Every structure is written in C-alpha cells, then in structure tokens.
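Remember, it's a predicted structure, so these values are computed and weren't measured experimentally. We're numbering straight along the sequence, starting at 1. Heavy atoms only: backbone and side chains are in, while hydrogens, waters and symmetry mates are out.
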Amino acid sequence: MIGIIDVGGGMKAIYSAGILDYCLDNEIYFDYALGVSAGSGNLGTYTARQRGRNYIFYTDYTFRKEYMSTRNFLKNGEYCNLDYPYSVLSNEGGENPLDYDILEISSTDLNVVATEAASGKPEYFNQKDMSRNDYWLFKASSTIPIVSKPFEREGKRYYDGGIADPIPVKKAFEDGCDKVVIVLSRPKNFRKYLRKSDKLSKVFLKKYPKMIEAIYNRADKYNKILEELLEGELYKNKVLVLGPSDNFGVDTLSKKKEELDKLYQMGYEDGEKIKQFIY
C-alpha cells in the first residue's frame, strides 16, 4: 500500500496542491492519504479527483473577506472563518462543492489528524467519519490557535493536527503503508522554532494547559522526525520527502498571488519525483 502525507502549512500548502494536480494529471492514485491542517483539505479534493480545485481555493477564495479578514475577527473573534471554505463553498449548492459521490467510492482512503484541546494529543479520523455536506474533519484539523476559535464536535474541542503530530509518518505505516510520500510546505533544511505567536498561547489558551504544552513541543517533534527521515534512521528507502526549495516569501496567512503561483508551479514540477519513487 502506497500512501501520501500532506503536512499542511496554511497558504504554503499550495505547493502540495501543485504536486497533487500533477498526480491527477498523470493518474497517480495513492491507496492511502493522511492530511494535516490545510493538507486535509488538499487531500480531500485529491481523493475526490477534482483537479485544479485546490488551486482556486488558495488563489481566489482566500482573498475574500468572508474567509480571512480583520472583519471576521471584529465580528466573530476569529481571523479565519473555516465555515466559509469547508461549508459555504464546499457543500452542495455552494460555489465549488466537493464531489462527495466520488469521495465515497474513491480508491484512496482519506484520513485526517486533529489535536484534541483538553489532552493536547492527536486524534485520527477517517473519511467515513464525515457525511455529505458535513466536512468537519477539515475544519478540526485546520483550526489554528488564536487565529481561529477551537472547533467543537460532540463535546470535544479541536485544533490544528500539526500541533500534536506534525509529520504523522508512524501512523501511516501503522495503518499498513509500505511506502509513503511526505509533502512538506517548507524546504527540507528548514527547522521549526518556538515563535512569538506560540508564546501567546499561554495567554489565550489558559483553559488548555496540555494544548500549550503541545504547542511548545511542536517544533522539537517536527525537527526530530524530519531529521530521522532524511538521515535514513526511520523507514529507510520507504519514504520520499518532498519540500519546496524556496517559499518565495509565502507564509501561513499570505495573500501574494504571484508568489503563490510560483509555489504551486514548483510543486507541480516536483511531482515528477513521485513516479521514480513508486514505480
């Protein structure tokens, strides 16, 4: 079984959108997909075989005030309104609906990780946990602390899956994968660090001490797993790690059309490397 992991990264994840479009153009269909944060939405579109759909979300819809804006923050207390991309646009009757009929019968098994707020631990879900017009997994996995309110579901609250399990390669192999493609949103030589915004979690997430702990540990966890993968200490010859050579200044909440296009095109070109790995 061959799998793909998309680690997300907000707007930087348009790099993965390019890779996934290359895969669809070349009929490369993974058996297993595991999405983290924005990577969950990317892989949802890929699983539904909707070539080009992710690109529009990054280069059009994210520029709309209904999605990301100061207006949202002043009105609802959150900068990113994830209901807009994953409900308003994606539901039947929306501007760009997810093809749920294809998603259900797709040969790709879609999985998603989110971080449970009270425990600070990862929880993994399958596409079967979603239903038509209720694409809540993408919201749960993509909810960035402070930028968005926690996503609530059945008495639990969730945040970005990349906090608890930034590169969930262990989960992919536990689920039966023999080979895995891992798509990063930053160059492979980039190492995460504790950011000023991370430190603000102590102020804004007081109710979730385990969540704060997970945020403080995220960088070290990401760096350790990535280094072990690149040095061949983990799953030697069984993983292909792809990452952009340049982010062109694109960060998590960027709205730079020209730079986003460059990152998408780089991803599309890097998709060629997957052929050599899986065949």
Side-chain angles (χ1 to χ4, degrees), residues 6-17 20-21 35-48 50-103 110 112-115 117 125 127 129-154 156-163 185 197 204 250-257 259-261 263-264:
D6 186 337
V7 306
M11 298 297 285
K12 300 187 301 295
I14 192 173
Y15 170 77
S16 173
L20 295 173
D21 277 350
V36 183
S37 191
S40 64
N42 282 351
L43 289 174
T45 290
Y46 166 82
T47 301
Q50 291 174 274
R51 193 253 186 249
R53 182 174 183 268
N54 284 324
Y55 175 80
I56 298 172
F57 273 75
Y58 286 100
T59 59
D60 182 350
Y61 305 148
T62 52
F63 286 78
R64 299 180 182 181
K65 60 182 181 294
E66 293 92 342
Y67 188 178
M68 297 193 301
S69 66
T70 303
R71 188 197 73 163
N72 284 344
F73 182 77
L74 294 175
K75 185 178 179 181
N76 301 311
E78 55 183 357
Y79 181 79
C80 287
N81 172 21
L82 295 176
D83 283 338
Y84 186 69
Y86 297 129
S87 289
V88 175
L89 297 172
S90 295
N91 288 353
E92 291 175 323
E95 188 172 339
N96 200 334
L98 185 69
D99 193 333
Y100 188 75
D101 291 330
I102 298 298
L103 184 76
L110 176 63
V112 171
V113 60
T115 302
F125 303 94
Q127 64 194 61
D129 295 306
M130 292 192 301
S131 58
R132 190 184 301 273
N133 298 328
D134 186 14
Y135 307 124
W136 68 275
L137 294 185
F138 306 144
K139 301 177 191 179
S141 185
S142 303
T143 299
I144 302 173
I146 303 173
V147 174
S148 297
K149 296 176 182 177
F151 178 81
E152 298 186 34
R153 185 81 173 191
E154 297 180 352
K156 289 188 175 184
R157 296 184 175 187
Y158 296 97
Y159 280 110
D160 193 302
I163 295 171
S185 59
S197 58
F204 290 94
V250 175
D251 59 24
T252 303
L253 301 176
S254 281
K255 295 185 179 182
K256 303 174 181 178
K257 178 67 165 60
E259 288 77 5
L260 287 166
D261 280 334
L263 200 51
Y264 170 85

Got a second to check how far Ile146's CD1 is from Phe204's CZ, nearest 0.5 Å? 5.5 Å
Rounded to the nearest 0.5 angstrom, the CD-OG distance for Gln127 and Ser40 is 12.5 Å
Whether Lys149 side chain and Asn76 backbone form a donor-acceptor pair below 3.5 Å: yes
Heavy-atom closest contact (Phe138 atom, Leu98 atom, distance): CE1-CD2, 4.1 Å
Would you check if the side chain of Ser142 reaches a backbone N or O of Ser37 as a donor-acceptor pair within less than 3.5 Å? yes
Donor-acceptor side-chain pairing of Gln50 and Asp99 below 3.5 angstrom: no
Less than 4.0 Å between a side-chain N and a carboxylate O, is that true for Asp101 and Arg132? yes
Would you say Glu92 and Tyr100 make side-chain contact, with heavy atoms under 4.5 Å? no
Roughly how far, to the nearest 0.5 Å, is the CD atom of Glu78 from the OG atom of Ser148? 5.0 Å
Answer yes if the side chains of Asp6 and Asn42 hold a donor-acceptor pair under 3.5 Å, and no otherwise. yes
Say you draw a straight line from OH of Tyr86 to OH of Tyr67; how long is it, rounded to the nearest 0.5 Å? 5.0 Å
Is the shortest side-chain N to carboxylate O distance from Arg157 to Glu152 below 4.0 Å? yes
Please examine the side chains of Ser141 and Tyr158, heavy atoms only from C-beta on, and report whether any two atoms are closer than 4.5 Å. no
In short, Lys257 meets Phe63 closest at the heavy-atom pair N-CZ, 3.8 Å
What are the two closest non-hydrogen atoms of Gly10 and Tyr58, and how far apart are they? O-CE2, 3.5 Å
For residues Tyr61 and Glu95, determine if any side-chain heavy atom of one lies less than 4.5 Å from a side-chain heavy atom of the other. yes
Correct closest heavy-atom pair for Ser185 and Ala13 would be CB-N, 4.2 Å
So, applying side-chain contact (heavy atoms from CB on, under 4.5 Å) with Met11, which one of Thr59, Thr62, Leu263 is it? Thr62
Is a side-chain donor-acceptor pair under 3.5 Å present for Ser87 with Lys139? yes
Could you tell me if the side chain of Thr45 sits less than 4.5 Å from the side chain of Leu20, heavy atoms only? no
Between Met130 and Asp134, the two heavy atoms sitting closest are CB-O, 3.7 Å
Among Asp60, Asp21, Asp261, find the residue that satisfies the side-chain hydrogen bond (donor to acceptor under 3.5 Å, both in side chains) test when tested with Tyr55. Asp261
Quick check for you: to the nearest 0.5 Å, what is the distance between Asn54 atom CG and Ser16 atom OG? 7.5 Å
Kindly indicate whether the side chain of Trp136, heavy atoms from C-beta on, has any atom under 4.5 Å from the side chain of Phe125. yes
Taking the side chain as C-beta and beyond, is there a heavy-atom pair between Pro85 and Ser90 under 4.5 Å? no
Tell me, do Tyr135 and Leu82 make a side-chain contact under 4.5 Å, heavy atoms counted? no
For Tyr84 and Arg64, does a side-chain donor sit closer than 3.5 Å to a side-chain acceptor? yes
Closest heavy-atom pair and its distance - Thr47, Ile102: O-CG2, 4.2 Å
Go through the steps for Asn72 and Lys65 under the test side-chain contact (heavy atoms from CB on, under 4.5 Å), then give the verdict. CA-CA 7 Å; Asn72 284 344; Lys65 60 182 181 294; 5.9 Å; no
Residue pair Arg71 / Glu66, side-chain heavy-atom distance below 4.5 Å: yes
Between Asp160 and Thr143: side-chain donor-acceptor atoms closer than 3.5 Å: no
Would Ile14 and Val250 count as a side-chain contact (heavy atoms from CB on, under 4.5 Å) here? Give the steps. CA-CA 10 Å; Ile14 192 173; Val250 175; 5.5 Å; no
Stepwise side-chain contact (heavy atoms from CB on, under 4.5 Å) check, Asn96 with Ile56: CA-CA 9 Å; Asn96 200 334; Ile56 298 172; 4.2 Å; yes
